[in-house]
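A short worksheet on the structure shown next.
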Amino acid sequence: MQRFLFALVLTVAVLSGIAATTAEVSKAPSKSAAEGIQFVELPWAKVLAKAKKENKLIFFDAYTSWCAPCKLLQKNVFTRKDVGDFFNANFINVKKDMEIGEGPKLANVYPIEGYPSLFFINGNGKVVTSHLGVLDGPELIKFAQMVMKK
């Protein structure tokens, strides 16, 4: 039993090290990023006001800098043209690192069970629905379409 626990702890440590050394997603907009989801960079109160004014839901990507699945979403899903076209037309898109800036305060407001946490929130700040984990492009669009029908 002790060998099993030791092996488990060692495996987690190695995998954590690999995730920590994975190259960060570039913050410079690439061609594909320009075609993908356009995230607004506003204080949360202004995001809520914008959602109310435009009568749109907020798509909120709650992530951390060390989260490998979060990086996959940012690199492979949020940059897709089909995803960007759909989300830019229908939502106020926001992403926040939950460990810096407003992130820790928002983590106290919204139920973070892990990363990435994807929320759909109305202009009053109420969660309509959420999803924990990675979805590919078509799955994310399908999920968002379901949210819009609610």
Side-chain angles (χ1 to χ4, degrees), residues 11-150:
T11 301
V12 169
V14 169
L15 291 176
S16 296
I18 291 170
T21 59
T22 303
E24 294 247 359
V25 175
S26 173
K27 295 194 185 227
S30 66
K31 180 179 183 260
S32 60
E35 294 175 346
I37 296 177
Q38 300 301 307
F39 291 96
V40 298
E41 294 184 23
L42 296 170
W44 190 248
K46 290 191 179 200
V47 170
L48 292 171
K50 183 174 176 65
K52 275 186 180 179
K53 181 179 177 185
E54 296 182 21
N55 196 28
K56 290 183 176 180
L57 289 176
I58 299 162
F59 170 65
F60 174 34
D61 170 33
Y63 73 96
T64 64
S65 62
W66 49 263
C67 167
C70 300
K71 292 176 186 182
L72 288 174
L73 266 178
Q74 290 176 16
K75 183 178 178 186
N76 298 328
V77 179
F78 296 162
T79 56
R80 291 174 53 119
K81 183 175 181 357
D82 58 340
V83 173
D85 289 346
F86 184 79
F87 276 76
N88 295 336
N90 294 294
F91 301 100
I92 306 300
N93 304 300
V94 179
K95 62 181 179 177
K96 301 270 185 191
D97 185 327
M98 300 310 285
E99 295 182 329
I100 61 172
E102 285 185 297
K105 183 175 97 177
L106 291 172
N108 289 325
V109 176
Y110 299 106
I112 305 290
E113 294 180 21
Y115 298 104
S117 286
L118 307 175
F119 294 96
F120 290 88
I121 300 170
N122 68 23
N124 294 320
K126 183 177 183 233
V127 175
V128 174
T129 193
S130 63
H131 177 80
L132 174 61
V134 175
L135 294 168
D136 69 18
E139 290 172 330
L140 183 58
I141 292 171
K142 187 175 182 178
F143 186 75
Q145 287 171 332
M146 178 197 70
V147 171
M148 291 176 66
K149 289 179 184 176
K150 282 188 171 184

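Values below: all heavy atoms of this structure, side chains included; hydrogens, waters and symmetry mates excluded. Along the sequence shown, residues are numbered consecutively beginning with 1. All of these numbers come straight from a predicted model, not from anything done at the bench.
- In this structure, the side chains of Tyr63 and Asp97 come closer than 4.5 Å at one or more pairs of heavy atoms.
- Relative ring orientation between Tyr110 and Trp44 is described as perpendicular, the plane-to-plane angle rising above 60° on a 0-90° scale split at 30° and 60°.
- Judged purely by distance below 3.5 Å, without hydrogens or angles, the side chains of Asn122 and Lys52 never pair a donor atom with an acceptor atom.
- Exactly one of Val47, Leu48, Ile121 qualifies for a side-chain contact (heavy atoms from CB on, under 4.5 Å) with Val94. That residue is Val47.
- Within the 4.5 Å cutoff, the side chain of Leu118 has heavy atoms near those of the Leu140 side chain.
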Task: Intermediate values then yes/no, side-chain contact (heavy atoms from CB on, under 4.5 Å), Val147 and Phe59 - done: CA-CA 10 Å; Val147 171; Phe59 170 65; over 6 Å; no

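- In this structure the side chain of Phe119 never reaches within 4.5 angstrom of the side chain of Leu57, judged on heavy atoms.
- Of all heavy-atom pairs spanning Lys96 and Leu106, the tightest one is CG-CD1, 4.1 Å.
- Phe60 is not listed as a side-chain neighbour of Ser130, based on a closest heavy-atom distance of 4.5 Å or more.
- Between the NZ atom of Lys71 and the OG1 atom of Thr64 there is a distance of 8.5 Å, given to the nearest 0.5 Å.
- Taking 4.5 Å as the limit, some side-chain heavy atom of Arg80 sits within range of a side-chain heavy atom of Pro138.
- Between Phe87 and Phe78, the gap from one ring centroid to the other reaches at least 6.0 Å.
- Leu73 and Gly133 make their closest contact through CD1-O, 4.4 Å (heavy atoms, listed as atom of the first residue, atom of the second, distance).
- A distance of 4.5 Å separates NZ in Lys50 from CD1 in Ile92, rounded to the nearest 0.5 Å.
- The closest side-chain heavy-atom distance from Gln38 to Asn93 is not below 4.5 Å.
- Residues His131 and Phe120 form no side-chain contact, since every pair of their non-hydrogen atoms from C-beta on lies 4.5 Å or further apart.
- When all heavy atoms of Ile112 and Ala62 are compared, the closest pair comes out as CD1-CB, 3.7 Å.
- To the nearest 0.5 Å, atom CD of residue Glu35 and atom CG of residue Asp82 are 10.0 Å apart.
- Taking the six-membered ring where the residue is Trp, Tyr115 and Trp66 present perpendicular rings, their angle passing 60° and hence far from 30°.
- Partners of Glu99 under the salt bridge (charged side-chain N to carboxylate O under 4.0 Å, His left out) rule, at least two apart in sequence or in another chain, do not exist in this structure.
- Going from atom CD1 of Ile37 over to atom CZ of Phe91 covers 9.5 Å, rounded to the nearest 0.5 Å.
- Looking only at side-chain heavy atoms (C-beta outward), Val77 and Leu135 stay at 4.5 Å or farther from each other.
- Summarising the geometry, atom CE belonging to Met98 is positioned 12.0 Å from atom SG belonging to Cys67; distances are rounded to the nearest 0.5 Å.
- Across every non-hydrogen atom of Gly36 and Asn88, the tightest pair is O-ND2, 3.0 Å.
- Here the CG-CG distance, from Leu72 to Asp136, works out to 12.0 Å after rounding to the nearest 0.5 Å.
- Heavy-atom minimum distance, Pro116 versus Asp61: CB-OD1, 4.1 Å.
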